[in-house]
Amino acid sequence: MLWAMHLKSHKSFSLADCKHLLEDCLQSKSVFQGKTVHQHLIKNHIPHGDDDHFNQTIEKLTLFYLACNKVEYARRVFDRSPRKPKKVVIWNLLIKGYAWNGPFGEAINFYYKTLELGIQPSKFTFPIVLKACSALQAIETGKDIHVHAKRLRLDSDVYVSTALVDMYAKCGCLDDAETVFNEMPHRDVVAWNSMISGFSLHGVYYHDTIRLLVRMQNDFISPNSSTIAAVLPAVAQANALSHGKAMHGFCARRAYIDDIIVATGLLDMYGKCQYMDYARRIFDKVSIVKNEVTWSAMLGAYVICDFMREALEFFLEMMRLKDFTLFPTPVTLATVLRACAKLTDSSIGRCIHCYAIKSGFVSDLMLGNTLLSTYAKCGVVIDAKQFFYEMDLKDSVSYSAIISGCVQNGHAKEALRLFHKMQLSGLYPELATMLGVLPACAHLAAIQHGSCSHCYAIVHGLTTEITICNALIDMYAKCGRIDTARRVFDTMHKRDIVSWNAIIIAYGIHGLGMEALLLFDNMLVECLEPDDVTFICLLSACSHSGLVTEGKHWFNAMRQDFGITPRMEHYICMADLLSRAGKFEEVCNFIEKMPFEPDVHIWSALLAACRVHRNVELGEEVSKKIQKLGHGSTGNFVLLSNMYSTVGRWDDAAQIRILQREQGFKKSPGCSWIEIGGVVHAFFGGDRSHPHSPQINNKIDELLVEMRRLGYHGEASYVLQDVEDEEKEHILLYHSEKLAIAFGLLNLSPNKPILVTKNLRVCGDCHTAIKLISLITKRNITVRDASRFHHFKDGICNCGDFW
DNA sequence: CTAGGGTTAG
């Protein structure tokens with residue numbers, strides 16, 4: 001009313017009018033009207049009023065803008081007014097505005113500005129500004145402010161000291177938090193809650209959290225619902241079901257269960273402890289209104305407990321609810337996406353993506369990162385990459401996700417490129433980043449990148465993490481440095497089952513089966529329970545070293561002595577072990593007695609052995625079975641065709657190749673690579689694209705002369721094309737592994753070992769040739785192929801010519 | 001109160 005009157009009369013407002021108007025604005029929250037009054041005040045009244053008037057007016061304006069959630073306007077009150085208010089209450093208001101809604105740095109800036117102006121902070125200033133410190137994890141600033149509080153003797157105030165405890169705890173400085181906490185003259189429930197939630201937040205301190213909870217009760221302070229809500233996530237993470245149940249009982253007695261936050265916490269705890277029924281019962285029984293967090297937690301419980309169908313149905317149920325106060329949030333969507341990733345169903349993922357776009361959530365960083373990793377986990381790495389490039393805000397999680405996504409889908413080189421890009425963009429690699437980078441180095445056998453990553457991990461204190469060491473063991477082993485892998489293993493102060501599995505298979509792929517068995521014995525001596533993966537590692541190690549008796553023994557023992565039922569993978573290892581050893585009758589019996597239908601991998605293992613042992617009849621039979629299963633793969637066509645060529649049945653070999661082409665299977669080209677000076681050089685068969693190609697070919701010709709003298713003639717059977725023998729030798733000479741080795745001989749000093757990596761299995765002719773090259777050049781040559789390491793030395797390969 | 005990236009085997 002007043003407002004309209006004045007607008008019509010074109011009269012200017014008096015100071016009293018302004019105050020009235022501001023009250024009015026505070027009620028209606030009309031920013032526009034408030035701004036008009038603000039401008040008027042600056043023009044006409046603020047410069048002339050006395051201090052009291054000035055302070056009152058500024059306080060009202062600030063309050064008004066903050067009530068409208070307009071911190072930036074509130075700030076303008078300060079910036080534009082001709083003098084600065086001297087009352088700390090007013091400054092506290094603005095600091096509070098920033099400390100609650102950000103940008104948090106401004107809260108700290110304004111705090112220091114009050115100091116500059118000689119205004120003494122009050123006991124209300126400290127809790128506010130400390131909140132901003134914890135939001136920014138600005139521990140140094142927090143400590144500085146702690147000193148100020150001490151100087152003013154405000155640090156013993158219960159509000160201030162609780163805020164200090166909270167700040168230290170949230171910044172991870174639990175020792176400092178506890179010191180302040182212990183020095184408090186008396187502690188109320190809020191102080192206890194700050195301390196407890198600090199420990200609870202950093203999930204690793206579960207026992208300290210519980211210890212505090214007990215201490216709290218000894219102090220005759222009873223936990224309230226906030227205490228329980230703070231502790232439950234830690235209980236959930238620690239999978240401490242018995243504690244969780246006790247808390248459930250406690251909550252029921254105190255009727256805390258009617259608090260939706262507590263109920264959600266309990267539900268989530270049961271879900272994470274795999275107690276689906278209890279979780280659902282809480283969800284159904286809750287008498288108060290459930291919010292979107294409760295729904296998301298329930299959805300998460302379904303996903304964790306592996307009830308995927310139910311999870312998706314539950315999500316649809318939530319979408320169908322005709323409740324306009326309940327919508328899926330980014331967290332809900334991220335949880336459904338986890339279900340998609342587990343189901344490897346990218347089509348549902350795409351639907352969620354669409355929904356996210358429609359509801360304006362795509363720019364949510366957490367959701368974006370989940371979406372990105374879902375695409376990668378579903379194997380559609382192209383979509384993952386596209387989404388990654390289109391994200392306008394990326395953090396280290398985004399990079400970690402795309403790096404792992406690339407590695408898991410076989411794009412290791414791309415992963416290293418992205419890692420480099422990440423560093424250029426000023427983001428710091430974290431634990432999870434390195435857990436993506438190290439497997440990339442392992443895949444590429446890029447030892448220089450690998451050891452650089454190792455250095456990075458040491459400098460950043462990551463080598464205390466078991467997971468990092470496990471990845472390092474694998475990386476060194478796959479880069480041919482079995483000794484370094486062992487050193488990492490030996491110097492770990494704590495090992496888990498993955499560490500043992502990694503080192504066992506490391507020896508396995510290097511053809512050191514006896515060492516692998518010895519390590520397995522050590523593991524049993526240390527009273528560590530082997531798991532199903534351990535036996536896959538062990539059996540595969542036996543297979544690579546032809547340890548048939550030992551393999552059979554442990555295969556039987558795993559069920560009888562360790563209570564582990566063999567999975568398909570274990571049967572595949574056994575089929576591989578027996579057939580490599582040429583025990584065809586035994587392997588056929590073994591397959592017949594399997595408790596499930598043999599899959600394509602079983603037959604592939606057998607087919608590969610048929611080629612090595614030239615067992616054509618069985619090979620043909622096996623190949624028919626593979627065809628029947630409809631799982632023909634390029635590798636199997638190649639094996640069969642190679643087998644026919646080996647025995648000189650060229651027509652049949654050609655027939656298979658035609659069939660392969662008809663069915664649309666392309667042989668992936670053989671590719672070998674070698675890392676020199678941190679650069680990975682890759683070669684394809686007959687490749688002349690490398691700048692040093694002439695020198696490489698000269699080197700091969702030079703070697704050929706000596707190899708011929710030692711009786712080498714190209715093993716024509718390894719050439720797929722039906723061409724003249726002389727030409728065959730020519731094709732064989734420029735196989736990718738030979739090119740890479742020649743390049744290594746040219747570029748590495750004689751005392752350095754040569755490591756070449758190949759994407760497929762090494763070809764038989766190359767195997768013979770490399771043995772001779774190791775003899776002629778007196779060099780140790782290592783070739784890592786798709787399944788294992790071949791160490792060539794003095795004309796012998798440690799695989800014993802079986803691979 | 002719910003929530004993103006992650007080591008071993010085939």
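To find a chain, count down the sequence lines: A is the first, B the second, and so on, and within it residues start at 1. Worth saying up front: this structure is predicted, and the values here are computed from it rather than measured.
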Protein-nucleotide distance ([X], atom [atom1]; [N], atom [atom2]), rounded to Å:
X: A/L299; N: B/dC1; atom1: CG; atom2: C1'; value: 15 Å
X: A/Y270; N: B/dC1; atom1: OH; atom2: P; value: 19 Å
X: A/F361; N: B/dA3; atom1: CZ; atom2: P; value: 17 Å
X: A/F283; N: B/dC1; atom1: CZ; atom2: C1'; value: 14 Å

Report all side-chain donor-acceptor pairs from residues 502-510 of chain A shorter than 3.5 Å, counting only partners two or more places apart or in another chain.
from, atom 1, to, atom 2, distance (Å)
A/Y507, OH, A/R486, NH1, 3.1
A/H510, ND1, A/H791, NE2, 2.7
A/H510, NE2, A/A477, O, 2.9

Can you name the side-chain hydrogen bond (donor to acceptor under 3.5 Å, both in side chains) partners of A/T329, sequence neighbours left out?
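With sequence neighbours excluded, A/T329 shows a side-chain hydrogen bond (donor to acceptor under 3.5 Å, both in side chains) to A/T332, given in chain and number order.
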By salt bridge (charged side-chain N to carboxylate O under 4.0 Å, His left out), A/E569 pairs with (sequence neighbours left out) A/R567
Heavy atoms only, 4.0 Å cut-off, all strands: where does A/K272 land among base, sugar-phosphate and nothing?
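It contacts sugar-phosphate atoms only.
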Describe the nucleic acid contact of A/P330 in one word from base, sugar-phosphate, nothing, applying a heavy-atom distance below 4.0 Å.
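Nothing: the residue A/P330, judged by heavy atoms under 4.0 Å, touches no strand.
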Per-nucleotide protein contact string for nucleotides 4-10 of chain B, where B marks a base within reach and S marks sugar-phosphate only (heavy atoms under 4.0 Å, - for neither):
BBBBBBB
Which residues share a side chain to side chain contact (heavy atoms under 4.5 Å, CB included) with A/M319, sequence neighbours left out:
A/F315, A/P328, A/Y355
For A/T484, enumerate each residue passing the side chain to side chain contact (heavy atoms under 4.5 Å, CB included) test, keeping only those at least two apart in sequence or located in another chain.
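Checked A/T484 against side chain to side chain contact (heavy atoms under 4.5 Å, CB included); matches are A/Y476, A/R481, A/R487.
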Give a yes or no on whether the ring-centroid distance for A/F283 and A/F314 is below 6.0 angstrom.
yes
